[in-house]
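Since this is a predicted model, take the numbers as computed values, not measurements. All chains are named by letter (A, B, ...) in the order of the sequence lines, taking the proteins before the strands, and each is independently numbered beginning at 1.
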Amino acid sequence: MSLRVYNTMSGKKEEFKPLVPGKVGMYVCGVTVYDYCHIGHARANIVFDIIYRYLQFAGYETTYVRNYTDVDDKIINRANERNISSHDLAEEFIVAFDEDMASLGLVRPTHEPRATDYIPQIIAITEKLIANGMAYEASGDVYYSVDKFPNYLQLSKRNMEEMQAGARVAPGELKQNPMDFALWKAAKPGEPSWQSPWGEGRPGWHIECSAMSSSLLGDSFDIHGGGRDLIFPHHENEIAQSEGASGKTFVKYWLHNGFVNVDQEKMSKSLGNFFTIRDILKTYDAEVVRFFILSAHYRSPIDFSDQNLTEAQSGLKRFYEAFEAAAAAITGIDLTGVSSDEGAKVEEKFVAAMGDDFNTALAIAHLFDGVRTINRLVSTKKFRKKTDLVAQVADLQQTIYRLGEVIGLFRSEPTAWLEKVKLTGLAKLSITADEIEAMIAQRLQARQEKDFARSDEIRSDLESKGILLLDSRDGTNWRLV
RNA sequence: GGCCCCGUGGCCAAGUGGUAAGGCAGAGGUCUGCAACACCUUUAUCAGCAGUUCGAAUCUGCUCGGGGCCUCCA
């Protein structure tokens, strides 16, 4: 199966060919662990989660590295505010991050390194850059000399003159060029520090990723990912460091996910418009969040809103309702010797969509086609006697489940999932499940007595409270309007 | 100011040269005591203008509108 990916470096979709046939090395910038993650972090991590899953589905033996940045100004500041150590603060939010990712149903990367476990490697790269003449020491700080790296700003497509015009040098920094950035920072009182050839200090942000990626994936690897906002300066600086040290091409494909916006604006703390993952999961099921995120292409911006999440929930419900109906319709039917190619048709389209720069929106649309086919077949007259149709439904159901696994969806038992969503919604109404059941019982009696006026009265009464009654052969069920 | 991206039906959203996927919502129909689910049918010429082309939502130019990066940031 062919795969094309959009490479930020070239600005184009390119045929994906890993450096080593059949194997992929992928590094994705993780989070700085100083606070709870928001929906934007959820998107970035879900996007690369499905890229990882798809690469494996496509047969690549994939090594996926996602780091924790556990030493940084923000961590230090936050730790000082709370009067605890940076280490303890980082640990607290690493645990929180892991919990959030687990509840969102992400698979764990192959490696999840912490920056502070790579201090020797960071120092080694820094020494090498100094030896190569690409970095210089100044009063215990070490800076990268961007003038020495000809390809600087190639990824972000900027030019040096204009960047320099806006660059600022903080007081006390001894930079030769205002664009130079710190590889190593001399220790200040109250900050975590490590011994180095330049005295006590701590690493700069960018060098951590260069050290962790080369240690776990080598000097050159296939995919480097992260949010758009990391293109400059973070990824630009990583390239400068890694290539400056190794002399080899750092990364073959650069992938960047788009933002989550709120009211068409970037979500940010300064605007106060951000939502944490744990808050969102109080109202919406994790798969709904994933479905919402995957319903747009990973490079497009998406707008976070209750309406959009509710729509995603309706869409996902359509899948689970079909699964429930399919399971009930085909259970216990012997299908030996009956075959179907319905699943293969869906799979082919799904793979084509995913292979075109991970077009999850289109891939899901093809799965919806499969759902419609299931629903249509299941309602055929004497369906259970027509084993060829039953085989098609079974095949589709199985295929959609299997493909859903590739994008991390449909992992719940349908009835349980539908029930959970129903009860979460019910919690917002002023009526309990028991009260509803009692009214259903009253209505049943009225219906048995053919008192349809009374029956309808109960129906409309419940409907005004947000509850819809569903009659079926097996009795009366209910759902939210 | 520099660089980059976007503007597709009521809403969300694919599609980047060959005649507009899918979802949500709506309308009509089948089904139902009524209702719901499901199914069937139905709803757009792609911000605007001008070009290139046999042919453009897709390429070029201009205009209008929105956003991002240039400082920490997924």
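- Only the C1' atoms considered, B:A56 is 16 Å distant from B:A47, to the nearest whole Å.
- Under the Watson-Crick or G-U wobble criterion, with both distances below 3.5 Å, B:U52 is left unpaired in every strand shown.
- Here the side chain of A:F452 is nearest to one of B:G33, B:C72, B:A14, namely B:G33.
- Within 4.0 Å of A:V260, counting heavy atoms only, lies at least one base atom of the nucleic acid.
- Spacing of P atoms, B:U45 relative to B:G33, comes out at 42 Å, to the nearest Å.
- Using a 4.0 Å heavy-atom criterion, one finds that A:R158 contacts the bases of the nucleic acid, with or without backbone contacts as well.
- B:C54 and B:C49 have their P atoms separated by 23 Å, given to the nearest Å.
- Between the side chain of A:R459 and the base of B:C34 there is at least one donor-acceptor pair of N/O atoms closer than 3.5 Å.
- Nucleotides B:G10 and B:C3 place their C1' atoms 36 Å apart, quoted to the nearest Å.
- Both tests hold for A:R158 against A:F232: distance to the six-membered ring centre under 6.0 Å, angle to the ring axis within 45°.
- A:Y64 and A:D49 form no side-chain donor-acceptor contact under 3.5 Å, judged by distance and modelled atom types alone.
- Between the OH atom of A:Y298 and the C1' atom of B:C6 there is a distance of 17 Å, given to the nearest Å.
- Among the atoms of the strands shown, base atoms are found under 4.0 Å from some heavy atom of A:G40.
- Rounded to whole Å, the distance from CE on A:M179 to C1' on B:C3 is 13 Å.
- Residue A:R443 places a side-chain atom within donor-acceptor reach of the base of B:G33, judged by atom type and a 3.5 Å distance cut-off alone.
- Counting to the nearest Å, the C1' atom of B:C37 and the CG atom of A:N375 are 9 Å from each other.
- Neither side chain, A:D147 nor A:Y152, offers a donor N or O lying under 3.5 Å from an acceptor on the other.
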query = Base, backbone or nothing for each nucleotide of nucleotides 15-22 of chain B, written B, S, -, heavy atoms under 4.0 angstrom, 5' to 3'?
reply = S-----BS
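- In this structure, a donor-acceptor pair under 3.5 Å is present between the side chains of A:Y320 and A:E287.
- Relative to the side chain of A:R376, the nucleotides B:A14, B:C40, B:G68 differ in distance, and B:C40 lies closest.
- Residues A:D73 and A:Y34 bring no donor and acceptor atom of their side chains to less than 3.5 Å of each other.
- Taking atom P on both nucleotides, B:G7 is separated from B:C34 by 47 Å, rounded to a whole Å.
- Shown here, B:U42 forms a base pair with B:G26; the pair counts as Watson-Crick or G-U wobble because both key distances fall under 3.5 Å.
- Of the residues in residues 302-320 of chain A, those lying under 4.0 Å from RNA chain B by heavy-atom distance are A:Q307, A:N308, A:E311, A:S314, A:G315, A:R318.
- The interatomic distance linking A:N237 (CG) with B:C69 (P) rounds to 17 Å, in whole Å.
- Closest contact between the side chain of A:L468 and the listed nucleotides B:A38, B:A14, B:A35 involves B:A35.
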Residues A:D356, A:K13; criterion salt bridge (charged side-chain N to carboxylate O under 4.0 Å, His left out); working and verdict = CA-CA 9 Å; A:D356 185 14; A:K13 281 187 197 172; 3.0 Å; yes
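- Within a 6.0 Å radius of CD in A:E437, other residues, nucleotides and ligands contribute more than 12 heavy atoms.
- Counting any heavy atom pair closer than 4.0 Å across all strands shown, A:F292 reaches no nucleic acid atom.
- Rounded to an integer number of Å, the gap from CG of A:D35 to P of B:A74 is 11 Å.
- Heavy atoms of A:L470 sit under 4.0 angstrom from at least one base atom.
- A:K157 comes within 4.0 angstrom of the backbone, heavy atoms only, and of no base.
- Nucleotide B:A20: unpaired (no Watson-Crick or G-U wobble partner with both distances less than 3.5 Å).
- The CG atom of A:L418 sits 19 Å away from the P atom of B:A36 (whole-angstrom rounding).
- Using a 4.0 Å heavy-atom cutoff across all strands shown, A:L469 reaches at least one base atom of the nucleic acid.
- Rounded to whole Å, the C1' atom of B:G2 lies 32 Å from the corresponding atom of B:G17.
- A gap of 4 Å separates the C1' atoms of B:G9 and B:A44, to the nearest Å.
- A:F410 pairs in a ring-ring contact (aromatic ring centres under 6.0 Å, His included) with only one of the listed residues (A:F291, A:F319, A:W417), which is A:F319.
- Base contact: A:D229 has a heavy atom under 4.0 Å from a base atom.
- The partner of B:A57 cannot be assigned: no Watson-Crick or G-U wobble pair with both contacts below 3.5 Å exists in any strand.
- No engagement by A:G11 is indicated, since no non-hydrogen atom pair under 4.0 Å with the nucleic acid exists.
- Using the Watson-Crick or G-U wobble rule with both distances under 3.5 Å, B:C3 pairs with B:G68.
- Out of B:A74, B:A36, B:C72, the shortest distance to the side chain of A:H41 is found at B:A74.
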key: Evaluation steps, salt bridge (charged side-chain N to carboxylate O under 4.0 Å, His left out), between A:E342 and A:K345   = CA-CA 5 Å; A:E342 286 295 324; A:K345 287 196 273 189; 3.3 Å; yes
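- If you take atom C1' in B:U42 and the same atom in B:C59, they sit 34 Å apart, rounded to whole Å.
- When only modelled atom types and interatomic distance are considered, A:Q445 and A:R454 share no side-chain donor-acceptor pair under 3.5 Å.
- Atom CZ of A:F232 and atom C1' of B:C5 are 18 Å apart (whole Å).
- Distances were taken from every side-chain heavy atom of A:R228 (C-beta onward) to each of B:C37, B:C69, B:C4; the shortest belongs to B:C4.
- Defined by atom type and a distance below 3.5 Å, a donor-acceptor pair is missing between the side-chain atoms of A:R202 and A:S193.
- Residues A:D471 and A:A296 both approach RNA chain B. Their nearest nucleotides, taken by heavy-atom distance, put A:A296 toward the 5′ side.
- Shown here is A:K386, whose NZ atom has more than 12 heavy atoms of other residues, nucleotides or ligands within 6.0 Å.
- With rounding to whole Å, A:L153 atom CG is found 13 Å from B:C4 atom P.
- Taking the six-membered ring where tryptophan is involved, the planes of A:H224 and A:H235 are perpendicular, since the angle between them exceeds 60° and thus also 30°.
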